[in-house]
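To keep things clear, I will list the structure first and then write my remarks on it.
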Number of protein chains: 2
Amino acid sequence: MSAPAATEHSAVAPAPEAVFQALADSTRLRCLALIVTHGELCVCELVHALELSQPKISRHLKLLRETGLVADRRERIWVHYRLADTLPFWTRTTLDAVVAEHADSPPFADDARRLAHMADRPDGRCSN
Amino acid sequence: MSAPAATEHSAVAPAPEAVFQALADSTRLRCLALIVTHGELCVCELVHALELSQPKISRHLKLLRETGLVADRRERIWVHYRLADTLPFWTRTTLDAVVAEHADSPPFADDARRLAHMADRPDGRCSN
DNA sequence: TTGCAATATTCGATCTTCCGTATATTCTAA
DNA sequence: TTAGAATATACGGAAGATCGAATATTGCAA
């Protein structure tokens with residue numbers, strides 16, 4: 001084989017263009033912003049916070065996973081998404097910087113507020 | 001008027017998605033990497049360093065300009081491009097981080113090498 | 001003026017991305 | 001087993017991105 005498999009979340013660092021492409025969508029960026037600030041979140045929490053359809057959220061999470069930005073973990077009926085452990089340093093720097101500068105503005109602030117007020121969150125997460 | 005004009009390079013900070021979209025192309029990212037490391041560069045220098053067609057470079061520079069990432073300055077027959085003065089902090093952080101981590105790898109290292117070896121650079125720039 | 005070098009733009013064609021809708025899968029509890 | 005909740009995927013269609021090739025513009029010098 002000449003090039004890395006590139007089928008699933010490979011161990012090789014993703015090309016910068018691919019990372020930026022993944023960040024170049026408001027749905028994906030809003031999901032990542034919540035994950036950066038709140039840690040692990042399941043799909044239903046993101047659907048609730050962003051007020052978007054479940055298939056839409058799921059499709060965007062799949063792209064983030066294939067790009068290597070997030071990892072998923074199944075627990076009972078829920079799938080939890082978190083930042084990938086193998087995230088390149090510059091990628092983590094970028095995420096922290098953009099979130100720090102926009103977390104208090106729409107739509108990110110509204111997403112965080114809706115997540116905090118969500119009832120019956122999985123894993124006994126409470127609104128704090 | 002309800003929304004900002006959004007016709008030319010406006011003074012309002014560009015949305016993060018728009019910035020990431022602008023960075024999500026290898027031609028634009030290579031141009032920016034050279035500009036970050038070398039300061040102001042003219043179109044012919046970018047064409048030479050990246051070994052791409054002039055219309056292609058010019059089109060991508062236009063998008064970078066309209067997104068607010070670069071500013072241009074005409075001097076005689078040359079147009080010089082530099083990082084925009086109004087670049088948001090997080091954007092500058094992102095550019096510095098991604099360049100620091102990739103400047104020594106292809107294709108960025110090759111671009112810098114070709115630029116350094118370019119003959120007859122404008123403005124009396126020499127290869128250093 | 002005329003010609004040339006540097007840069008910008010236009011035009012179609014092709015490829016990709018994104019979406020809503022519908023359906024499939026997975027897991028759990030009854 | 002069967003039903004339902006949570007999540008994922010498949011299927012078109014519409015909108016957007018990118019390209020090569022051709023052409024237009026701008027500035028300068030002869």
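Quick note: numbers below take in every heavy atom, side chains included, and nothing from hydrogens, waters or symmetry partners. Naming: A, B, ... by sequence-line order, numbering from 1 per chain.
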Practice task
Rounded off to whole Å, could you give me the NZ-to-C1' distance for the A:Lys56 and C:dC18 pair?
Solution key: 8 Å
Handout entry: For atom CD of B:Glu17 and atom P of D:dA17, their distance in whole Å
Key = 13 Å
Handout entry: Backbone of A:Arg113 reached by a side-chain donor or acceptor of A:His117 within 3.5 Å
Key = yes
Exercise for the section: Select from B:Pro55 and B:Trp78 the residue whose nearest nucleotide in DNA chain C is closer to the 5' end of that strand. Expected result: B:Trp78
Problem - Atom-to-atom span, OH of A:Tyr81 to P of D:dA6 - whole angstrom - result: 16 Å
Exercise for the section: Check whether any side-chain N or O of B:Arg28 sits under 3.5 Å from a backbone N or O of B:Ala22 as a donor-acceptor pair, and report yes or no. Expected result: yes
Problem - Nucleotide nearest B:Arg74 when distance is taken to its side chain, options C:dC18, D:dT26, C:dT26 - result: D:dT26
Completion exercise
Closest to the side chain of A:Arg65, out of D:dT18, D:dT9, D:dC19, is D:dT9
Exercise for the section: Could you check which of D:dA8, C:dG20, C:dT9 has an atom nearest any side-chain atom of A:Val79? Expected result: D:dA8
Practice task
Starting at atom CG of A:Leu41, determine the distance to atom P of D:dT7, rounded to an integer number of angstrom.
Solution key: 11 Å
Problem - Most 5' of B:Arg59 and B:Glu45 on DNA chain C, judged by nearest nucleotide - result: B:Glu45
Handout entry: Spacing of B:Gln54 atom CD relative to D:dT25 atom P, expressed in whole Å
Key = 15 Å
Problem - Check: B:Leu87 main-chain N/O paired with B:Thr91 side-chain donor or acceptor under 3.5 Å - result: no
Practice task
Check the distance between C:dA6's C1' and B:Ile77's CD1 and give it to me in whole angstrom.
Solution key: 6 Å
Fill in the blank from the handout: Rounded to whole Å, the CD-P distance (A:Gln21 to C:dT16) equals 12 Å
Problem - Interatomic distance where NZ belongs to B:Lys62 and C1' belongs to D:dC19 [whole Å] - result: 15 Å
Fill in the blank from the handout: Nearest heavy-atom approach of A:Leu41 to A:Arg121 is CD2-NH2, 3.8 Å
Handout entry: Phosphate OP1/OP2 of D:dT18 contacted by B:Arg28 side-chain N/O (<4.0 Å)
Key = yes
Handout entry: Residues A:Asp110 and A:Arg114 bridged, charged N to O under 4.0 Å
Key = no
Problem - OP1 or OP2 of C:dT17 under 4.0 Å from side-chain N/O of A:His60 - result: no
